[in-house]
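Structure, as structure tokens:
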Amino acid sequence: MSLIDYRRDERVAVISLNRPEKANAQNEAMLLALDQAFDRAVEDDEVRVIILRANGKHFSAGHDLTPREPDARGQSMIDDVPRNGLLKMLKWEAKHYLGLSRKWRDLPKPTIAAVQGACVGGGLMLAWPCDLIIAADDARFSDPVVRMGIGGVEYHGHTWEFGARKAKEMLFTAGFIDAAEAHRLGMVNRVVARTELDEHTLALAREVATMHPHALLMAKQAVNQTLDAMGQYNAMQSVFALHSLGHANAWAACNWPVMAGLDEMVDANREKRSGDT
Ligand code: ZN
């Protein structure tokens with residue numbers, strides 16, 4: 001079974017995350033398959049609008065944090081850290097996380113995300129790069145990465161999506177923003193009943209698809225270039241450097257790219273100290 005489904009409905013490409021048994025957690029194969037699906041939609045001249053949706057109860061639980069597969073020599077990125085530092089891992093994240101999300105944000109066709117259930121951590125990095133977001137009434141959004149000792153996911157959309165105060169609240173508490181609040185804050189365009197999510201998103205995509213494709217591209221670029229003139233691109237690059245510092249700090253403290261929970265760390269240090277005496 002493929003991790004990504006692709007179909008075309010007249011002028012609309014419909015791309016579906018298809019790992020529902022894992023709440024659409026993103027592994028490398030899924031991200032690369034998703035990128036290929038976006039490329040396919042871009043290259044198909046018949047396609048005017050792209051929908052990104054997800055099979056199952058949840059849009060995406062984020063990045064799949066199970067240790068990454070070893071390469072042909074049996075080496076994983078984690079094995080490489082003692083010898084070469086975090087270089088390999090951070091290059092991987094720059095390409096697969098920040099890089100792909102940035103690429104998808106600038107695809108030369110309009111994109112619409114249809115989000116239901118949980119959209120957590122890396123899930124935000126699939127929804128935010130889309131031009132429009134339609135949320136089901138059960139959708140909820142969170143970046144809980146601060147719990148792992150890192151200041152947030154690799155793609156810092158937070159401040160741009162709903163302003164400085166809410167960005168800090170979401171990060172400081174690792175809390176959820178529900179669909180109604182996301183709509184009030186301007187992070188999602190519309191909220192619809194869960195049962196109407198696909199139908200409503202397709203109707204909107206068809207409406208957008210009646211516009212001239214070149215005009216749509218210019219409209220999209222007008223907004224994205226304005227954001228970049230306001231500093232979005234440079235801000236995201238510098239926040240990615242902070243994210244990398246978070247991984248480095250976690251490695252220094254725990255020999256792992258993310259921190260253990262605070263309670264576990266206190267317990268471990270207590271054990272270590274009592275072992276020393
Ligand atoms: Zn990371």
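The first residue of the sequence shown is numbered 1, and numbering continues consecutively from there. In listed order, ligands and their atoms are each counted from 1.
- Using modelled atom types and a 3.5 Å distance limit, the side chains of Arg190 and His183 yield no donor-acceptor pair.
- A distance of 11.5 Å separates CD of Glu154 from CG of Leu124, quoted to the nearest 0.5 Å.
- Around the Zn ion (ligand 1), the angle linking Glu93 (OE1) with His243 (NE2) is 100°, rounded to 10 degrees.
- Among the atoms of His247, an N, O or S atom is found under 2.8 Å from the Zn ion (ligand 1).
- The nearest N/O/S atom of Glu154 to the Zn ion (ligand 1) is OE2.
- For Arg140 (side chain) and Asp178 (main-chain N/O), no donor-acceptor pair under 3.5 Å exists by modelled atom type.
- Taking 4.5 Å as the limit, every side-chain heavy atom of Arg53 sits out of range of all side-chain heavy atoms of Ile15.
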